[in-house]
Structures are given as C-alpha cells and as structure tokens.
Protein chains: 2
Amino acid sequence: MFENLDPDKKERILNAALAEFAHKEYADASTNNIVTTAQISKGILFRYFGNKKNLYLYLYKYVRNVIDNEIYSQVDTDKGDLIFILKELGIRKLEVYKRHPDVAGFIAQTKREKSSEVYEDLMSIERERSSQLRENYLFNNLDMTLFKPEFRNENTIKLIRWTLDGCTKELQENYKGQDIQDPAIDELLKDYDLYIDIIRQAFYCR
Amino acid sequence: MFENLDPDKKERILNAALAEFAHKEYADASTNNIVTTAQISKGILFRYFGNKKNLYLYLYKYVRNVIDNEIYSQVDTDKGDLIFILKELGIRKLEVYKRHPDVAGFIAQTKREKSSEVYEDLMSIERERSSQLRENYLFNNLDMTLFKPEFRNENTIKLIRWTLDGCTKELQENYKGQDIQDPAIDELLKDYDLYIDIIRQAFYCR
DNA sequence: AATATATTGACCACGCTGGTCACTGATGAT
DNA sequence: ATCATCAGTGACCAGCGTGGTCAATATATT
C-alpha cells in the first residue's frame, strides 16, 4: 500500500509527519497539519495507516531502520580509531539529515514521550532493536595508543564525542532549510575536516 | 501585584509556566496546565497577567534579565582567558538551571517561535536588550597567547565552546529531576573541573 | 462587624481533534 | 462504450480542551 507509493509522495508524507512529531508530543501532534504539509487528503492518510498511533509507530520503526542501516552499520570500527569513527558517523548523519531534516528532532522527542497511548509500544520496539548494541559497541574497542599518553581515559573520550556532536549539530543547522546543492555540501564537509584535524592535533600522538 | 507575591508561590508559577512554554510553541501551550502544576486557580493567573500573551512576554523578559544579570555580567573577562570564561559561564548556568530547570529549553523554544501573535513583541524586546552585546563581547578580547601556537585561530575557539556547551548540557541532565543536595552539586562541579583540565591540557601552553 | 481585597473554579463559546464515508476521477479490461 | 476496480478527496461528526470571565467565597484590614 504505502510502501509501493510514488517515492516523491512517500517522502513528502514521511517528512511532513516527521516535522509534526519532531517538536510536539504525540498527543499534541495534528494529523491535519501532516496532511496539509504533505499535500494529501485526510482520507488517504488514514487509509494508509489506519490511525494516528500506527502512523507514529511506523515512523519510529522506519527512522530507527534508517539510522541503524545507513549510519551505525556503515561505520568501519576495525582500527578502533575514535576520531575516524566519529568523523564517519558525522558524515553519515549529515547525509541522512539531508533527506530527512527532522530525524534527530523526532528521536529526541520520542525519548521525552510519556503519553500512555504509545509509551509501551515505543519501549517494546526499542527492546527488539538489536543493533542498539552496535551503537555502544562502536566505542568499546578503541585503540587507546592512538591518543597522547595523558589522554588515555574515559573522560577524554566523552569529551571528544561531545565536541563532534556539537560540530555536527552546527553544520546541520547551517544548511537546514536551504536547498542543498552538492557543491554546498562539499563545502560543509571541508569545514568538518578542518575541525576533525584540530581535534586530532590536540589529542592524538603526532 | 505578582511581583510582591510570596516567593514560593511566585517561583511555582514561574517554573510551571517555563515548563509549559519550554517544549510547546506559544499557540499549543495551555494555561490550564500551568495553573494545575503551579497549584493555583485559573482566575488568579489571569488577574496577575491579564492574558496568555502578557504572561508569555513577562516570562521572556524575566528570563532574559536573569540570564543577563546572573550569568553574563558576572563573568570576569579581564584576563581574556577563554577556558576560564567558559568555566565561569558554565558554573553560573548550572546555578540558574538549578532554580529554573527549563530556562534553556524556553529560550530555545522562543528562537523557533513563529506565531504571529507574539513574534513581533519577542523581536522588539530582543532589540531593546542591550546586554546581548556583552554576550558576544565575552569572546572578542581573548588572549590568544594562552593557546599553543597551532591553536591560535577562530575555529579552535568555536570548537572549545561546543565542547563545553556539551559538557554543561550533560551535567545539567545529570541532576535534572533529582533534588539537588548541595553535596551532589559539589560532586558535579568536580566533574566539571575534570573536563576543563583536559581541555586546558590539550589546547593551552604548558 | 463591616469593608476591602485575594482567590476560587464552574462556566462559556469556540476551534481543532482523530476518524469516517459518500463521493469523484482515473485506469484498464472487455 | 461500458463497466468494475480502486486510489484519492474533503465536508462532516461528536467530543474535548481552549483562553478568558465572573459571581461566589475566603482571608485580611479597619
């Protein structure tokens, strides 16, 4: 049904729903807003998903899949190189955010969600999600000898992760809204490399 | 009227309103929710503030004042020591968030606000706010000789700011919700110092 | 006791909600 | 040309939560 829809339309619906659920809790999000921004009729949305709850949960599973398949499982952890891993992660994230700008906001919102209507289901989807292991595994087999001796500790790792999160977030803000020309994104990735190099200089052996 | 209220009650109302406006846009925020969490009657809220819009704008001015007076103007910039400045900023922020946990969320929400009902007024309050100059000024007269030679550039400054923002945010999350015992906050500030030291080691001359 | 002031919460008209369904338009088979 | 099938529309529904009011009550002051 919904799955084999014209891809343009499909993406319009997904993104409209993501935008609505990204900044509002489940109960406050409006299906009317979704259909208007997606430029479809109310009826067809409910034919596709049955009801609001199904749409919401479909969206959550969809987004989790995208994140797991296109971000986490694509990162090469063999060398245990923290900065390399974070760089790869950042690039993949930027690519996903380009297609779905509100993915991060939506996930953040689901973490705050307490509505009894969907809370349980969110939890059980989360329980079944196997690759969340990988999300943590990424940072469990790091080669600490890459760091200067004084930085071979957990706190430094946390700190570097915050730094690159901040960087990714900033870069995402920069091209949110504007039409992403491929040259523009290359520009962004150059900036990204620049910050990565500073961190490498600061914390890695020379 | 509202100003010379029993301080407990005053704070209950302010925090209830902050909590409601922090995660919902103006139009979606409910005065009913505010009065219930503040444990006051609907009537008295509207006697104090007249209407929703006045409450919202009062809150914005109040929060801006708190931020300007208790955070930005308290920081000693004389030495031009970036890391010292950021550390001071972080501590002040944590102290304000202790009294008003939703200040940061509320300010973030106002930046997204597009409701025509309040947008103009927010803008004009912002225009009159003189100390917003200081907010930037903090980082305009830095002593770059404190940094190792290879880090004397704008990008490093941005990067360090992101890092400590991330750190502050993390620490705030840690004691959000839980009752803040003074020993617990000392514990937190120790952690804070720990991260600050790492950054100093990494970027400052030895 | 009398007056003034602070506070309550039931009440209102109204707008928006999730969801439905009789209808339309398009496609393709005969 | 006729019909059957089915994707898609949007006016419509009962119900709920909205910002705001105000007569009634509790409290403080004289």
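Protein chains get the first letters and strands the later ones, always in sequence-line order, with residue 1 at the start of each.
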In terms of side-chain geometry, is the basic nitrogen of B:K24 or B:E20 positioned less than 4.0 Å from the acidic oxygen of its partner?
-> yes
Within the side chain of B:T77, is there an N or O that forms a donor-acceptor pair under 3.5 Å with the backbone of B:G80?
->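 Side chain of B:T77 to backbone of B:G80: no pair is present.
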Protein-nucleotide distance ([X], atom [atom1]; [N], atom [atom2]), rounded to Å:
{"X": "B:F49", "N": "C:dT7", "atom1": "CZ", "atom2": "P", "answer": "13 Å"}
{"X": "A:R47", "N": "C:dC23", "atom1": "CZ", "atom2": "P", "answer": "16 Å"}
{"X": "A:I44", "N": "C:dT24", "atom1": "CD1", "atom2": "C1'", "answer": "13 Å"}
{"X": "B:N33", "N": "D:dG17", "atom1": "CG", "atom2": "C1'", "answer": "10 Å"}
{"X": "B:R12", "N": "C:dT7", "atom1": "CZ", "atom2": "P", "answer": "11 Å"}
{"X": "B:K52", "N": "D:dG17", "atom1": "NZ", "atom2": "C1'", "answer": "11 Å"}
{"X": "B:Y48", "N": "C:dA6", "atom1": "OH", "atom2": "P", "answer": "8 Å"}
{"X": "B:N32", "N": "D:dG17", "atom1": "CG", "atom2": "P", "answer": "10 Å"}

Answer yes or no for [X] and [Y]: cation-pi contact, defined as NZ/CZ to six-membered ring centre under 6.0 Å and angle to ring axis within 45°.
{"X": "A:K114", "Y": "A:Y119", "answer": "no"}
{"X": "B:K53", "Y": "B:Y26", "answer": "no"}
{"X": "B:K87", "Y": "B:Y192", "answer": "no"}

Just to confirm, is there a sub-4.0 Å distance from OP1 or OP2 of D:dG10 to any side-chain nitrogen or oxygen of A:S41?
-> no
Distance below 4.0 Å between B:S30 side-chain N/O and D:dT18 OP1 or OP2 =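 Affirmative; the distance criterion is met.
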Using a cut-off of 4.0 Å on non-hydrogen atoms, how would the nucleic acid contact of [X] be classed: base, sugar-phosphate, or nothing?
{"X": "B:N51", "value": "sugar-phosphate"}
{"X": "A:A29", "value": "sugar-phosphate"}
{"X": "A:K9", "value": "sugar-phosphate"}
{"X": "B:K42", "value": "base"}

Verify the ring-centre separation between A:F151 and A:F203: is it less than 6.0 angstrom?
-> yes
Between A:Y60 and A:F21, does the ring centroid distance fall short of 6.0 Å?
->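 No; A:F21 has its ring centre 6.0 Å or more from that of A:Y60.
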For DNA chain C, what residues of residues 13-26 of chain B have any heavy atom nearer than 4.0 Å?
->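 Those residues: none at all.
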